[in-house]
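Working notes for the structure below.
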Amino acid sequence: MNKRFTLLEQLRKEAQLGGGEKRIEAQHKKGKLTARERIELLVDPNSFEEIDMFVRHRSTNFGLEKQKPLGDGVVTGTGTINGRTVCIFSQDFTVFGGSLSEAHAEKICKIMDLAVKIGAPIIGLNDSGGARIQEGVVSLGGYADIFLRNTLASGVIPQISVILGPCAGGAVYSPAITDFIFMVKNSSYMFVTGPNVVKTVTHEDVTFEELGGAETHAEKSGVSHFTCEDEVECLLQVRHLVSYLPSSNRVKPPTIPTTDSDTRECTMLDSIIPENSNKPYDMKLIIKEIVDEGVFLEVHKDFGTSLLTGFSTLSGKPIGIVANQPNALAGVLDIKSSIKGARFVRFCDAFNIPLVVFEDVPGFLPGTDQEWNGIIRNGAKLLYAFCEATVPKVTIITRKAYGGAYDVMNSKHIRGDFNFAWPTAEIAVMGAKGAVEILHSKELASSEDSATKQIELENEYSEKFCNPYEAALRGYIDDVILPSTTRKRLISTMKILENKVDSNPWKKHGNIPL
Ligand code: HXC
């Protein structure tokens, strides 16, 4: 064979080995896959086309000139997921611990630039010891080059970060700017400063997992959106998420074939709302009954749990779902759920994904903790996000729509396109008990049988206000529908809205209350 061909083959083989067999073995022993094995699981079979395999670092510090592995610790290229192109970088921990050098950063920037140019999602598989210590400030500059690209690409192409090892220091800020973060239990962690620094500064004893593990970021900080048991599950989940997303903000989301009937009646829904309006029920059951084949990919499942957010399809068309969850804190809006909802709504709006809102909300959560931590500022984020969104927006009120939360949850007044209520809806300033106690406090205090009087007044208030018809009378509700017809009605409504055009006044950008 031509010598030059042989050299190419040799170099390719060398690149495949990354930091060498021993380090690959060490990676496997930790229960982790290599950079290339991960890519193979992520993309469609044989679809990965690598670029920049022959890049090497240019550093001569600390004897680095004697170790110049091909690829310099990151594998970059394109592949397909369900036939659609995605751009990928996958850090190779077997090469200098996946640390980021000048050349490593240049490779990531190059694939990000390509993703923006061709309009394809960028997926980063992160497994890195951070800045390449031997390269000093050059490495920090490399990070900043990536942060800038993350910011400029925000809202243009979907950006997904998968954390499959360490991600520490300033390095966390690239994933933080991206749209979705995936983490794996017991093997990925993110923190600005590690347990040792924490111990020195705050005298707290904390493990890696407690400080910045997958569960911590899923439940406490809300930094991560998806928690997975292992890497294989994680990469399959990334594929599932990508299946709902358009490749860029220039195109519509893809259609996912379904065998579910557009006219399927959801009879179970006619009896799902409890007689007693203070009794909880699981909103997830309602969502799963309505959407295609019951498939609902929940986003931020363990954070701000009184609000559900996630993706699904209706007649094969992707939708973003935002729903109050009466099973958690009675479905109240608090700081965490408001932030969670706002970010999700803005993602869907940026990427042309229609929004469907299921509403059963008793209001905002009271208390000093909420007030002092800014429920006003944070609740306003969700309000702002719904007001600003111009994608098709449909609301179904299943039960309570009380107070300010009625306005916030995609009401007609803030450009809800179609707002439907079930006959069980209660659209009012507040619940009957609270209203009667405020309006009739003197009457109740002077009454001989205040308990009976209270029930009488509550019934009177409920009859007048705790129904959908006062709102429907003014056109705030477009129609009152039987729960069992909800799927059918949502599908026909989405078809009506398919070519909706709406816009906001010209501005450099708005000033969402951050
Ligand atoms: C160069 C590094 C490296 C780094 C690891 N290695 N981190 N090389 N720069 N940042 C090398 C190790 O020397 C080792 O090389 C190999 O990678 C594997 O590392 P181990 O320590 O053996 O692995 P492990 O025990 O799994 O520990 C992983 C680790 C640890 C927790 C990530 O390596 C570590 O603490 N590294 C330093 C992390 C750090 O302080 N980074 C800088 C953060 S500041 P050999 O040859 O033995 O295989 C930062 C700023 C970013 O990142 C700012 C952006 C604005």
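Atoms within each ligand, like the ligands themselves, are counted from 1 in listed order.
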Requested in this report: Taking atom 21 (O) of ligand 1 as the reference point, report whether a protein heavy atom occurs under 4.0 Å from it.
Outcome: no
Query raised in the report: Is the number of heavy atoms from other residues, nucleotides or ligands under 6.0 Å of Lys68 NZ greater than 12?
Result: yes
Requested in this report: Among His225, His300, His240, find the residue that satisfies the ring pair (Phe, Tyr, Trp, His ring centres under 6.0 Å) test when tested with Phe180.
Outcome: His225
Query raised in the report: Is any heavy atom of the protein nearer than 4.0 Å to atom 16 (C) of ligand 1?
Result: yes
Query raised in the report: Does atom 33 (O) of ligand 1 have a protein heavy-atom neighbour under 4.0 Å away?
Result: no
Query raised in the report: If you count the atoms of ligand 1 from 1 in the order shown, which ones are under 4.0 Å from a heavy atom of Gly130?
Result: 52 (O)
Query raised in the report: Is the gap between the ring centers of His413 and Tyr406 under 6.0 Å?
Result: yes
Query - Where ligand 1 meets Gln134 - atom numbers and elements under 4.0 angstrom, heavy-atom basis - result: 1 (C), 9 (N)
Query raised in the report: Between the side chains of Asn150 and Gln159, is a donor N or O closer than 3.5 angstrom to an acceptor N or O?
Result: yes
Requested in this report: Give the residue and atom name of whichever protein heavy atom lies nearest to atom 47 (O) of ligand 1, and the separation in Å to one decimal.
Outcome: Arg23 NH2, 4.6 Å
Requested in this report: Return yes when at least one protein heavy atom is under 4.0 Å from atom 44 (S) of ligand 1, and no when none is.
Outcome: no
**Report entry** Flag: protein heavy atom within less than 4.0 Å of atom 52 (O) of ligand 1
**Finding:** yes
Report task. Report the part of Phe208 in contact with ligand 1, treating N, CA, C, O as backbone and CB onward as side chain, heavy atoms under 4.0 Å; options are side chain, backbone, both, neither. Result -> neither
Query raised in the report: What part of Leu140, side chain, backbone, both or neither, has a heavy atom within less than 4.0 angstrom of ligand 1?
Result: side chain
**Report entry** Test item: side-chain donor near acceptor, Arg132 and Ser99, under 3.5 Å
**Finding:** yes
Report summary line: Within the 4.0 Å heavy-atom cut-off, what Ala131 brings close to ligand 1 is both
Query - Verify atom 29 (C) of ligand 1: protein non-hydrogen atom under 4.0 angstrom away - result: no
Query raised in the report: So does Phe62 have more than 12 non-hydrogen atoms from other groups sitting under 6.0 Å from CZ?
Result: no
Query raised in the report: Short list, please: which atoms of ligand 1 are under 4.0 Å from a heavy atom of Arg132?
Result: 9 (N)
Report task. Ignoring hydrogens, tell whether any protein atom lies closer than 4.0 Å to atom 25 (O) of ligand 1; use the non-hydrogen atoms only. Result -> no
Query raised in the report: Within the structure, does at least one protein heavy atom fall under 4.0 Å of atom 4 (C) of ligand 1?
Result: yes
Requested in this report: Would you check if the side chain of Asp127 reaches a backbone N or O of Phe93 as a donor-acceptor pair within less than 3.5 Å?
Outcome: no
Query raised in the report: Nearest protein heavy-atom contact for atom 14 (C) of ligand 1: which residue, which atom, what distance?
Result: Gly97 N, 5.0 Å
Requested in this report: Run the ring-centre check on Phe296 versus Phe311 and record whether the distance is less than 6.0 Å.
Outcome: no
Query raised in the report: For atom 9 (N) of ligand 1, which protein heavy atom lies nearest, and how many Å away is it?
Result: Ile133 N, 3.1 Å
Query - Ile39 vs Leu125, side-chain contact (heavy atoms from CB on, under 4.5 Å): CA-CA, chis, key distance, verdict - result: CA-CA 8 Å; Ile39 292 173; Leu125 308 182; 4.2 Å; yes
Query - Where ligand 1 meets Lys30 - atom numbers and elements under 4.0 angstrom, heavy-atom basis - result: 26 (O)
Query raised in the report: Atoms of ligand 1 less than 4.0 Å from Gly170 heavy atoms?
Result: 51 (C), 53 (C), 54 (C), 55 (C)
Query raised in the report: Around atom NZ of Lys22, are there more than 12 heavy atoms of other residues, nucleotides or ligands at under 6.0 Å?
Result: no
Requested in this report: Just need the protein heavy atom nearest to atom 31 (C) of ligand 1, so name the residue and atom and give the distance.
Outcome: Tyr189 OH, 3.8 Å
Report task. Mark yes when over 12 heavy atoms from residues, nucleotides or ligands other than Lys500 sit less than 6.0 Å from its NZ; otherwise mark no. Result -> yes
Query raised in the report: Considering residues, nucleotides and ligands other than Ile376, do more than 12 of their heavy atoms fall under 6.0 Å from its CD1?
Result: no
**Report entry** Proximal ligand 1 atoms for Gly129, defined as those under 4.0 Å from one of its heavy atoms
**Finding:** 7 (N), 10 (N), 32 (C), 37 (C), 38 (C), 39 (C), 41 (N), 42 (C)
Query raised in the report: Is the Lys NZ or Arg CZ of Lys107 less than 6.0 Å from the centre of Phe89's six-membered ring, within 45° of the axis?
Result: no
Query raised in the report: Between Phe93 and ligand 1, which residue portion shows a heavy-atom distance shorter than 4.0 Å: side chain, backbone, both, or neither?
Result: side chain
**Report entry** Sub-6.0 Å ring centroid separation between Tyr173 and Tyr143
**Finding:** no
Query raised in the report: Can you tell me which residue and heavy atom of the protein come closest to atom 2 (C) of ligand 1, and the distance to 0.1 Å?
Result: Phe96 O, 3.5 Å
